[in-house]
Each structure stands twice: as C-alpha cells, then as structure tokens.
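Residues: numbered from 1 along the sequence shown.
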Amino acid sequence: MGPIGVKSHLAPYLPGDIITKQGGTGGQVSAFHFGSGSILTISWLYIEAMGARGLTEATKHAILGANYMMSRLKEHYKVVYIG
C-alpha cells in the first residue's frame, strides 16, 4: 500500500505506529509492522499465471467494464478523464 492522503482534521484517526509512537491514535492495520511481505510475490505469480495473452485479455475486459460504468454514471458524476 502506498501513501494515504487525508485532510488535517482526520489525521488523529489514522493508524499509529506502535514502535515509534508516531501518527494517529488508531491501531495498526497490518499484523506485521512493515506490511505484507508476500504482496510482490502474489502479484508476480498472478502475472506469470496469466501470461501475456491472459493479461491482455484481462486488461481489455477491465477497460470495457470501466467504460461501461462511465457511460452509466456520466449523467450523475463529472467525468474527469477520457482516453
């Protein structure tokens, strides 16, 4: 997981670091202090299992699904990116 940005009034509710005692008053989100050590392995295995053709097809389906949702929701929300 990357950085998380919030407004300053929400900062006290962010998870705190139990070792350095920095951050908010919330508890630790991950069971391991440095996050999930296997996240890169899981991503790599997914890519290897799908192969080039599988990833291409999955990408096409994801784009098709996103475009469908955009077409259904564009009357209710401002579309900020097309293309």
Side-chain angles (χ1 to χ4, degrees):
M1 181 184 314
I4 298 173
V6 298
K7 297 278 189 174
S8 60
H9 69 282
L10 296 175
Y13 303 103
L14 289 174
D17 187 323
I18 61 172
I19 294 176
T20 63
K21 306 293 186 217
Q22 294 179 335
T25 57
Q28 192 166 333
V29 174
S30 175
F32 182 60
H33 178 68
F34 299 107
S36 174
S38 64
I39 193 68
L40 294 177
T41 306
I42 293 168
S43 301
W44 179 78
L45 286 172
Y46 176 77
I47 291 169
E48 285 294 310
M50 294 287 284
R53 287 182 62 197
L55 285 175
T56 301
E57 287 301 310
T59 301
K60 288 178 182 178
H61 283 95
I63 293 170
L64 183 65
N67 286 338
Y68 171 74
M69 288 189 67
M70 179 192 64
S71 70
R72 295 293 306 267
L73 296 173
K74 67 183 175 185
E75 296 175 13
H76 307 284
Y77 297 95
K78 178 182 175 186
V79 177
V80 294
Y81 178 79
I82 296 176

Linked hydrophobic residues, Ile42 as query - side chain contacts closer than 4.5 Å = none
Linking Ile, Leu, Val, Met, Phe, Trp and Tyr by side-chain heavy atoms under 4.5 Å, what else ends up with Ile47?
-> Tyr46, Met50, Leu55
Among residues two or more places apart or on two chains, list those pairs meeting side chain to side chain donor-acceptor pair (under 3.5 Å) that have a residue in residues 48-61.
-> none
Tabulate below the donor-acceptor pairs under 3.5 Å that side-chain atoms of residues 72-83 make, not counting sequence neighbours, or state none.
unit_1 : atom_1 : unit_2 : atom_2 : d
Arg72  : NH1    : Tyr68  : OH     : 2.8
Tyr81  : OH     : Gly83  : O      : 3.2

Can you list the other members of the hydrophobic cluster that holds Ile63, where links are side-chain heavy atoms under 4.5 angstrom apart?
-> none
